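Taking it in order: structure first as structure tokens, then the write-up.
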Amino acid sequence: MGLLGTIMDHPEEIYPMVKLKMAAARISKQIPPEEHWAFAYTMLQKVSRSFALVIQQLGPELRNAVCVFYLVLRALDTVEDDTSVSTEIKVPILESFYRHLYDLNWSFSCGTKDYKILMDKFQLVQIAFLELNKDYQEAIEEITKRMGAGMAKFIQKEVETVVDYDEYCHYVAGLVGLGLSKLFYVARFEDLASDSLSNSMGLFLQKTNIIRDYLEDINEIPKSRMFWPREIWSKYAEKLEDFKYEENFEKSVQCLNDMVTNALIHVEHCLQYMAPLKDQAIFRFCAIPQVMAIGTLALCYNNVNVFKEVVKMRRGLTARVIAETNTMKDVYGAFYEFSALLESKIEDKDPNSSLTRKRIEVIKKACTASGSITKRGKYLNERRSSYNSVLMMLVFLLVPVLLALLFLNKQ
Ligand code: IN0
């Protein structure tokens, strides 16, 4: 949707979008002077955009550790993802990657675009890594070791069962949760969270990505890489590719809804992980991706477009989530609301409708039991015409002022 479309349909998203743009512009000017840190933060901004902004809001020591952790994981991911590298070459690299973190003479060129630059200049990430406090280094090394071994295992093995699916997601995302919990603890900001809750935080994000990215992954060149477990998809099709053809769309959507229902299992753990967080910046760093994930699942549920195009939350809604996720009350409110949206899309004829309803009920209960939801209907208000026209008037008055501010900020 273009700017004018947003102004007309979602005027409430204008201010958060301008605020986000201004914050991004401010942060892109705050690149550190040392070459390796400059590279690390520039790379972070290139590969993760809005998420980079949330990382930058962490305190300086933890921010450096998370930035390096993020780039090391991205590099490992680049090796795993590069379908043009043969298995025989890839497996030993994944398994020994953690050792290369200390070896400034090591390099391996792969990936494309920004990821190729990350790999070609990985030495700069290593220099940054070696500057971190030993406790951070050990946490990053341990997770890199376990993740590399897990990725190597799944290069040679398909995701067949739901148990495999959870195991694969544990390696590529659950372990990120374990690593982050350790970094928060080492930084003395948080108590050490349990492995099980930390794992669920990663699984919920990763399963949402896997669901949303069906089309991108199936169309991957030279070879598609799929993570939807056979145990689920084989109930609806002979081959996983069949879902992208129009004549199969009814079954495709049933399978999609099954996958979404599976992902919802993790929500309770995620809420339990976030509730005791004490540090405001860490809280936002954890909560924003989680709210984005439940929003994305609500958007994808029962949505045939997942098989035709990339389904993503509007930029404006993303900007609102970033601006308005500050407390646990906001998180409960958002989870309640996006769950209710998903619930409104359940059709009785869907084979998993009763299980999906049950899981949504559990989530809504967990949110209301907190006793702190007051402002429901924040994200998904039906259009209220009088409210909107007042807002529109304000927007038309404010937009030139905000644009001028943005322009001045760029100078
Ligand atoms: C992440 C996670 C992440 C953040 C906070 C707490 C976490 C706890 C457990 C596991 C992961 C946690 O968040 C990012 C979010 C992100 O990168 N968003 C993208 C949007 C997108 O669509 O990809 C953005 O550009 O803003 C995430 O997805 N992953 C990630 C990777 C490293 C770290 Cl340190 C933290 C990737 C993944 C695979 C889900 C773990």
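From a predicted model like this one, the values you see are computed outputs, not experimental measurements. Whatever order the structure lists ligands and atoms in, that order sets their numbers, starting from 1.
- For atom 32 (C) of ligand 1, the nearest non-hydrogen atom of the protein is Y70 CD1, 3.2 Å.
- Ranking protein heavy atoms by distance to atom 36 (C) of ligand 1, first place goes to N209 ND2, 5.0 Å.
- Taking any N or O of K312, backbone or side chain, none lies under 3.5 Å from an N or O belonging to ligand 1.
- Between V85 and F108 there is a side-chain heavy-atom pair separated by less than 4.5 Å.
- Closest protein heavy atom to atom 4 (C) of ligand 1: F51 CZ, 3.5 Å.
- With a 4.0 Å heavy-atom cut-off, ligand 1 is reached by no atom of Q290.
- Within the 6.0 Å centre-distance limit, the rings of F307 and Y214 are counted as a close aromatic pair.
- For the ligand labelled ligand 1, residue M292 lies outside the 4.0 Å heavy-atom shell.
- Salt bridge annotation for E167-K153: present, with a cationic side-chain nitrogen under 4.0 angstrom from a carboxylate oxygen.
- The aromatic ring centroids of F189 and F184 lie 6.0 Å or more from each other.
- T356 has its side chain out of reach of E343: every pair of non-hydrogen atoms, C-beta onward, lies at least 4.5 Å apart.
- Between Q206 and ligand 1, a contact under 3.5 Å exists for no N or O pair.
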